[in-house]
Protein chains: 4
Amino acid sequence: MNPPINVFDYEALAQAALPPVNWDFFYGGSDDEVTLRANRSAFERLRLRPRVLMDVNQCSINTSVLGLPVSMPVLLAPSAAHGLAHPDAELATARAAGAASTLMTLSTDSTRSLEEVKAVAQGPLWYQLYIYTMEEAQRLVQRAERAGYAAIVLTVDLPRYSRRERDLRNDMNSYQQAHYPDAFNGNAPHLVVDGSDNQHVYMGDAVTWDILPWLRSITALPIVLKGILTAEDASVAIKYGASAIIVSNHGGRQLDGVMPTIEALPEVVAAVAGRCEVYVDGGIRRGTDILKALALGACAVLIGRPVLWGLAVNGQEGVQHVLELLRKELTLALQLAGCASLADIQRSLVQVP
Amino acid sequence: MNPPINVFDYEALAQAALPPVNWDFFYGGSDDEVTLRANRSAFERLRLRPRVLMDVNQCSINTSVLGLPVSMPVLLAPSAAHGLAHPDAELATARAAGAASTLMTLSTDSTRSLEEVKAVAQGPLWYQLYIYTMEEAQRLVQRAERAGYAAIVLTVDLPRYSRRERDLRNDMNSYQQAHYPDAFNGNAPHLVVDGSDNQHVYMGDAVTWDILPWLRSITALPIVLKGILTAEDASVAIKYGASAIIVSNHGGRQLDGVMPTIEALPEVVAAVAGRCEVYVDGGIRRGTDILKALALGACAVLIGRPVLWGLAVNGQEGVQHVLELLRKELTLALQLAGCASLADIQRSLVQVP
Amino acid sequence: MNPPINVFDYEALAQAALPPVNWDFFYGGSDDEVTLRANRSAFERLRLRPRVLMDVNQCSINTSVLGLPVSMPVLLAPSAAHGLAHPDAELATARAAGAASTLMTLSTDSTRSLEEVKAVAQGPLWYQLYIYTMEEAQRLVQRAERAGYAAIVLTVDLPRYSRRERDLRNDMNSYQQAHYPDAFNGNAPHLVVDGSDNQHVYMGDAVTWDILPWLRSITALPIVLKGILTAEDASVAIKYGASAIIVSNHGGRQLDGVMPTIEALPEVVAAVAGRCEVYVDGGIRRGTDILKALALGACAVLIGRPVLWGLAVNGQEGVQHVLELLRKELTLALQLAGCASLADIQRSLVQVP
Amino acid sequence: MNPPINVFDYEALAQAALPPVNWDFFYGGSDDEVTLRANRSAFERLRLRPRVLMDVNQCSINTSVLGLPVSMPVLLAPSAAHGLAHPDAELATARAAGAASTLMTLSTDSTRSLEEVKAVAQGPLWYQLYIYTMEEAQRLVQRAERAGYAAIVLTVDLPRYSRRERDLRNDMNSYQQAHYPDAFNGNAPHLVVDGSDNQHVYMGDAVTWDILPWLRSITALPIVLKGILTAEDASVAIKYGASAIIVSNHGGRQLDGVMPTIEALPEVVAAVAGRCEVYVDGGIRRGTDILKALALGACAVLIGRPVLWGLAVNGQEGVQHVLELLRKELTLALQLAGCASLADIQRSLVQVP
């Protein structure tokens, strides 16, 4: 293959580069992968309505999220165990995010510790939180705050681990423990939860909205809720003081059959009505996907798998290239749509079928 | 193939295990199998809208149907001639249903007699009725009542046997009489009706709503109508005192081109307006399918072919495994949707396109 | 292949039996065959809403068209040059129609003369008219009336012959003149018009609504207009005294991209509002297709290609078998839909998406 | 392959005739080619509603655009570098357009100069303008006016060159400079802009609506805006005195994901409300496509790739044949739709789904 020129090229190269079990772990969705596919196909159904004869010579895509300046509205979504993609793991990812002047979200289930990652990061970091136990969660949040992470991203769509059938067929759990025993243990020793019955250490299924005042009581950091798909929950999130919402279906990896995120975004944006920032992830592979998300009201998008494909193919450099490809595609898409900045993007730029 | 981890795996294994004519008999639909396919694809078009941060640690799917407690809202639909799937026939199926603490519906056209099945059953049983002649019907209903069956399920969508072209091409009738002469005769000696002209012994085409007062007069059991697809008929059923309705298109095996059941369910539920219980069958293969049916107003679902796949692959144990897979999938789906019990399922959980 | 059990089987057998050029002539549509495919796929999108527990034991599908009794609402559409399908040509077709007690429409471009066909026919006949010249048309109409044809079916969707690209690629015109020189000349010596420039003898492009009073002046027969697709033209047809309308797009063989007939039918039925009979052809292959057409307001359907497949496979007997298959399928579909006669078919039986 | 009988045949022959890199350059779209495909598929979704029994014997498709008589409402869209398709380049194209008595639009990036093309042209010419620099643009416009071009067609959907990934993978830029160094330099020495970073000489991204009064000040020619897709921009164009609008998405070669042109046409026509002429290009391959565009309000259509396929296959003669094929198809489509002239085409001829 020629050198990669878009994210899909990185996907193909990553599949060739990774052991099949690792590929399946990153690529797969839950059950029949209906939502995994829908996340992508939903973007294709949206039509752009570009404006012409605008001065787009100086096109800027700078923005900020929760007050942090970033060079583009493209952030790194949290994803587990980068060590399954590349030996440099999250260190490479963080260096790439910093080089691209954008923000990385570190997963609780990272291969490297939050302190190690912070040590190499040049850009802002958020910390993604799973609640295995309350005690551990408190320790992790306070470690993240001390280390300089700028927000806590609480994942709310994983009360239990879903059935990811590729992993079940691959016996991913044993494979990982045999070959990458510490891949998920960067921050704390964890059992990998895997949809089988050994989920005993994970208490996500008992975490309720009451977690928010508690979190507020143990940290001064803004709290971002990741995994909201409905107007109803967006309204509750606002009531509980969420600083931001990430419209997400966990990349099609949790409840299969849920709405594709780009179709859930409008109702969340409408319910929030400007009271907090809203981001979206899921299926974003092109600059025009980002443009559509922004037109529908997102302040920024997060990308998950594309980062992992870059990492698998070429470590830090691969991640950086993926980010630069998306930066160029987004800038060009803005210009071709007649927008000189993110502020020029209007809702009427997208026609929903 | 690895050990089966979902119903589709059992389907593939059953196809490998069964003689092709038997497979076709169970798998096939009528005419062009439009409805057979639509029953499945209709589920994929429905989107789930999950809620987050609910306490789902103690998730229960216990329920009851017509006052009978069952461990889950997943019942066994009636299906003919289990002897074509496994030598243990309905005895294996009944034992599996009992072990799973759910309800089995025995077909009039079963391989084993209703009394034999009752003798091995540990859970509740319903008896499905075809009316070959009034005299036979009366005898069967009264045998079922004496044996302890808890309801009579009258199939109303088979005024005549449809054209199931796989069976016609296979000359299923002769094949069955040669190889499995008693497969349909567990309860009474029957000709297999097959869409050819020898339907003379079957009087379903003369059975009208007047059958209901007559049935009421010969049995004290609740009467369930299986095969209603319209609001109009649901209203008539209520008028005639039906205890419950099963929204069904006979698994795509009767009139080809009718609505997929999950699309017919809402109008039936609306017409019934709580005046009787409503169940649905047709195309249910996943826990999320069940969740969608419940959100659209079904009290429970019935599964047909998945039971036969389990039976064909591994007898009683296979059926039990299929039931346990669906139980786990449904429980997990509920949790991932933010529901701690069936009572938490709201209509807004499903978005109809 | 096993013996044919449905119309699709006859289609496959006919393709195997016919020389490819003949097959293409009968099978093909115009241009990209968009309408040809749409005629079929439109039926699949319509959903049936069957009623249950009706007495359908005595199910009758007898009806009449323009006062002529027929054994079923399935008539034979006009189609050209049956001699390209079978040496017995229209004689076989007419005998089969008579044996089935239904009506045949003879094409102006038939292989055998209208008088020969009448001589062997036992059922009613209609005569389809193309207007090559006014003089010839007058002669043909008066011959048909004298011979005992019961109506004149004026084709109105062929002002010019379309581009049927299969025929153009096959040089069908030369092939036919070489191998079947008289195939189209049963009633008058005709040039085959073929979308090339030699259409000089055909005056269809100058025929207007004024043809109707003229036709009325030269014959006492009822006049049926074949090829209307819009409410607008249906209203004009009523104004000009048409006895009946056939909603038709010439089997997808004239203007490519027009509405499938089953989608055009409702607007024509609404515009006509009972003031004349309305029939439909195009894509009917199953009893359930016929049922859908009747539910949407057609008094009867006409079938074209299925007749030719039967004829190609087995002459008169093949046509008869095709007709009997459809009769059985329609009867069964009615019963399974809860209708004991055509009068029981209600509009609500079909759900339009 | 037989001799070509429609535009798709020319497409296949052109692909066989052209070097793959040249084919890709002409055929390809931007990014994922979503809009490229949508331009075609959108036509298939539109249904025609033909009228019958109209006198269409004298069917004329003569018309005029901006006062220039043309023999049909089919114009030649501007396209770059005909020298990549055939050594005679735009000279062959212009001769063919003249022979067909229709109008050709010459691209700024043509292989042959506007004066050379004018010298061989027998029909009217328009000049398409890209603004590399203001000085060059002024010189080009004034050369075109002096040479006798009848209008300036300003392309407004190319503020920057898009990512055409086929060209990027082929390194089209180097290939062209090595093998066809002057292919784009007929009118002025240009760098090929290619989506990489060397777009420094092109100032399209700074061109705004203010260009229109400036253009007006340097030429008396009518100004046509090519590349408008929205009602909003159509209104602005009217305000700035545009003489005509071409609804275009650059053949799916600029912003990927924009509306197919046939779907954008109605809103532009409605916004313009008769105040200027509106044309459309994109995906037109059939006479019925043209008919649909005219019914939706276009005064004429422009064809791009079909011209190049004809040119690649057979030079001037190939282009002429393509034009004659479309002329015949359009004439026939009009007749089959019941229209004797373009004035008879009504909006109700097309049913939008």
Side-chain angles (χ1 to χ4, degrees), chain A residues 1-9 11 40-60 262 283-293 295 324-340 344 346-353, chain D residues 30-32 34-35 37-38 42 131 154-163 165-171 195-197 199 202-212 225-234 236-237 240 242 245 248-250 253-260 263-264 267:
Chain A
M1 186 187 273
N2 289 332
I5 65 170
N6 62 36
V7 168
F8 297 111
D9 287 352
E11 182 172 310
R40 274 299 310 147
S41 60
F43 276 109
E44 270 217 13
R45 282 194 297 274
L46 301 175
R47 304 289 195 202
L48 289 167
R49 301 177 66 255
R51 303 295 302 270
V52 302
L53 292 178
M54 301 297 182
D55 185 342
V56 295
N57 183 253
Q58 303 299 324
C59 183
S60 160
I262 197 66
I284 288 160
R285 301 290 179 270
R286 282 287 187 188
T288 47
D289 298 335
I290 304 168
L291 185 58
K292 290 169 182 174
E324 292 315 312
L325 285 171
L326 288 176
R327 179 198 311 284
K328 278 191 194 164
E329 287 192 12
L330 174 60
T331 304
L332 182 57
L334 247 85
Q335 292 179 298
L336 296 180
C339 302
D344 289 345
Q346 297 187 31
R347 174 63 188 76
S348 57
L349 180 53
V350 169
Q351 186 184 51
V352 177
Chain D
S30 51
D31 287 10
D32 300 318
V34 171
T35 293
R37 288 187 299 274
I131 306 206
L154 180 69
T155 297
V156 297
D157 60 6
L158 204 139
R160 279 172 67 91
Y161 202 84
S162 68
R163 291 170 47 83
E165 299 198 343
R166 292 174 190 246
D167 295 345
L168 295 176
R169 294 188 201 282
N170 292 334
D171 194 3
S196 64
D197 296 331
Q199 301 201 7
Y202 182 68
M203 67 160 286
D205 54 3
V207 172
T208 70
W209 290 101
D210 292 338
I211 200 76
L212 292 181
L225 298 187
K226 173 171 178 284
I228 284 177
L229 287 173
T230 64
E232 295 92 316
D233 278 339
V236 182
Y240 276 90
I245 288 171
S248 173
N249 53 32
H250 217 110
R253 293 160 80 87
Q254 284 293 106
L255 183 59
D256 195 33
V258 303
M259 299 158 81
E263 292 184 6
E267 74 173 72

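Residue numbering restarts at 1 for every chain, and letters A, B, ... go by the order of the sequence lines. Quick caveat: nothing in here was measured; it's all calculated off a predicted structure. FYI, side chains are in, hydrogens and waters are out, and symmetry mates aren't considered; it's all heavy atoms of this structure.
- Within the 4.5 angstrom heavy-atom criterion, only backbone atoms of D:Asp256 (N, CA, C, O) approach chain A.
- If you measure heavy-atom distances from D:Ala38 to chain A, the contacts under 4.5 Å come from the side chain alone.
- Along residues 46-53 of chain A, the residues that come nearer than 4.5 angstrom to chain D, judged on non-hydrogen atoms, are A:Leu46, A:Arg47, A:Leu48, A:Arg49, A:Pro50, A:Arg51, A:Val52, A:Leu53 in order of number.
- Of all heavy-atom pairs between A:Thr288 and A:Ala333, the closest is CG2-CB, 4.0 Å.
- Every residue meeting the side chain to side chain donor-acceptor pair (under 3.5 Å) condition with D:Gln254, not counting sequence neighbours, appears here in chain and number order: D:Ser162, D:Arg164.
- Residues D:Gly227 and D:Asp157 share a closest heavy-atom pair of CA-OD2, 3.6 Å.
- For the residue pair A:Gly338 and A:Val56, the shortest heavy atom distance occurs at C-CG1, 3.6 Å.
- Judged as a side chain to side chain donor-acceptor pair (under 3.5 Å), and not counting sequence neighbours, D:Arg253 has no contacts.
- The part of A:Gln351 that comes within reach of chain D is its side chain, from C-beta onward, which places non-hydrogen atoms under 4.5 angstrom from that chain.
- For the pair D:Ser248 (side chain) and D:Lys226 (backbone), a donor-acceptor distance under 3.5 Å is absent.
- Neither the backbone nor the side chain of A:Ala340 comes within contact range of chain D; no heavy atom of the residue lies under 4.5 Å from a heavy atom of that chain.
- Between chain A and the options D:Asp32, D:Ile228, D:Asn249, D:Val34, the largest number of non-hydrogen pairs under 4.5 Å is found for D:Asp32.
- A search for side chain to side chain donor-acceptor pair (under 3.5 Å) contacts involving A:Arg347 returns nothing, not counting sequence neighbours.
- Atom CZ in D:Arg166 sits 12.0 Å away from atom CG in D:Leu168 (nearest 0.5 Å).
- Each of A:Glu44, A:Arg286, A:Glu329 has some count of heavy-atom pairs under 4.5 Å with chain D, and the biggest count is that of A:Arg286.
- Judged by distance alone, with hydrogens and angles left aside, the side-chain atoms of A:Lys292 form no donor-acceptor pair with the main-chain N or O of A:Val350 at under 3.5 Å.
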